[in-house]
Amino acid sequence: MAYLPILCYPDPRLHKVAQPVQVVDARIRALVSDMLETMYEAKGIGLAATQVNVHERVIVIDVSEERDQPLVLINPELVWTSPTTHLNEEGCLSVPGIYDGVERFDAVHARALDRHGVVQTIEADELLAVCIQHEMDHLMGKVFVEYLSPLKRNRIKTKMLKAQREESR
């Protein structure tokens, strides 16, 4: 397994739309393992392949307290969304240190392949529902800050670019 570098906003590669996985093979299973290791190391609860510069529809999530219940979603699609939404405080491994409110569905049902290529349906609410929606946005090339006002987004972009410049010195 290997720790993968996480792209940071406003890297344009974060806006690439991920392509469907054609076959769940050893390469995809290795990617899943590397993504899980990367997510756990970065203290995150979700990671999309887009964030590690792999533009295929793969997501890993673990919202458990013990960090021992990894969920793998390959080629995920939402098959049902609740009629109600609420504002959630969200953060992102690609936008470190930034948290803000995003409106999300209260509950979702998602269909996806697991790491063995078996179709699964996940019924999610609360944090898991938010995480699935957030990570699926990444696969569509969307970062959570794009839900914020242009003023907030520009402030975050400026802050992130400044941090990246200081880090590269």
Side-chain angles (χ1 to χ4, degrees), residues 1-21 31-65 67 70-78 81-82 84-108 110 124-169:
M1 295 204 300
Y3 179 77
L4 305 169
I6 298 172
L7 300 177
C8 281
Y9 181 80
D11 191 309
R13 295 172 291 183
L14 287 168
H15 300 294
K16 267 184 103 165
V17 175
Q19 299 303 305
V21 171
L31 172 64
V32 164
S33 294
D34 291 346
M35 287 175 61
L36 284 165
E37 181 179 332
T38 301
M39 177 188 71
Y40 289 131
E41 179 69 26
K43 310 271 190 278
I45 60 170
L47 186 68
T50 302
Q51 293 175 271
V52 294
N53 200 29
V54 176
H55 303 284
E56 293 182 86
R57 296 184 58 77
V58 179
I59 293 170
V60 297
I61 294 173
D62 190 341
V63 296
S64 68
E65 284 290 319
R67 314 292 284 138
L71 179 62
V72 175
L73 303 174
I74 299 170
N75 296 336
E77 58 180 325
L78 293 182
T81 57
S82 65
T84 55
T85 62
H86 66 281
L87 196 63
N88 303 280
E89 184 85 355
E90 290 187 27
C92 181
L93 293 175
S94 291
V95 194
I98 304 294
Y99 300 88
D100 213 316
V102 177
E103 194 83 14
R104 299 281 187 192
F105 294 107
D106 288 331
V108 298
D125 60 5
E126 299 179 346
L127 182 58
L128 180 57
V130 170
C131 195
I132 288 171
Q133 292 169 80
H134 177 108
E135 299 307 333
M136 285 184 69
D137 275 353
H138 278 299
L139 299 181
M140 297 308 298
K142 189 168 189 173
V143 180
F144 90 98
V145 297
E146 293 171 50
Y147 288 101
L148 308 178
S149 71
L151 178 63
K152 277 188 178 179
R153 198 166 45 249
N154 284 333
R155 284 184 179 158
I156 292 167
K157 187 176 190 176
T158 300
K159 184 176 184 174
M160 296 299 297
L161 289 170
K162 182 180 179 190
Q164 290 168 20
R165 279 194 306 272
E166 288 173 359
E167 204 173 273
S168 65
R169 286 184 191 172

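Contacts classified as salt bridge (Lys or Arg N to Asp or Glu O under 4.0 Å) and involving residues 142-161 (residues at least two apart or in different chains) are given here: Asp100-Lys152.
Here the side chains of Leu71 and Val60 are not in contact, with every heavy-atom distance at 4.5 Å or above. Under the 4.5 Å side-chain criterion, counting only non-hydrogen atoms from C-beta, Thr50 is not in contact with Val54. Leu47 is listed as a side-chain neighbour of Thr38, based on a closest heavy-atom distance under 4.5 Å. With a 4.5 Å cut-off on side-chain heavy atoms, Thr84 and Phe105 do not count as touching. A 4.5 Å side-chain heavy-atom check between Cys92 and Gln51 finds at least one atom pair inside the cut-off.
Across Val63 and Leu128, no two heavy atoms sit closer than the pair CG2-CB, 4.2 Å. Nearest heavy-atom pair across Cys8 and Leu14 is C-CD1, 3.7 Å. Heavy-atom minimum distance, His134 versus Gly91: CE1-O, 3.3 Å.
Atom CG of residue Leu87 and atom CD of residue Glu103 lie 5.5 Å apart, to the nearest 0.5 angstrom. Separating the CG atom in Asp106 from the CG atom in Asp125 is a distance of 8.5 Å, to the nearest 0.5 Å. One distance of note links CD of Glu166 with CD of Gln164; it measures 11.0 Å at 0.5 Å rounding.
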Stepwise, does the salt bridge (Lys or Arg N to Asp or Glu O under 4.0 Å) test hold for Asp137 with Arg104? CA-CA 11 Å; Asp137 275 353; Arg104 299 281 187 192; 2.8 Å; yes
Would you please test Leu78 and Thr81 for side-chain contact (heavy atoms from CB on, under 4.5 Å) and show each step? CA-CA 7 Å; Leu78 293 182; Thr81 57; 3.9 Å; yes
Run the side-chain contact (heavy atoms from CB on, under 4.5 Å) test on Val52 and Leu7 for me, step by step, so that the C-alpha distance in whole Å, both residues' side-chain angles and the decisive distance to 0.1 Å come before the verdict. CA-CA 6 Å; Val52 294; Leu7 300 177; over 6 Å; no
List the steps, then state whether side-chain contact (heavy atoms from CB on, under 4.5 Å) holds for Leu73 with Val58. CA-CA 6 Å; Leu73 303 174; Val58 179; over 6 Å; no
Dump the intermediate steps for side-chain contact (heavy atoms from CB on, under 4.5 Å) on Ser82 and Val108, then the final yes or no. CA-CA 6 Å; Ser82 65; Val108 298; over 6 Å; no
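Asp62 and Tyr40 are linked by a side-chain donor-acceptor pair at a separation below 3.5 angstrom, with hydrogens and angles left out of the test. With 3.5 Å as the limit, one finds no donor-acceptor pair spanning the side chains of Gln19 and His55.
Arg57 places a side-chain N or O within 3.5 Å of a backbone atom of Pro76 that can act as its donor or acceptor partner. Of the possible donor and acceptor atoms, none in the side chain of Asn88 sits under 3.5 Å from a partner among the backbone N and O of Glu90.
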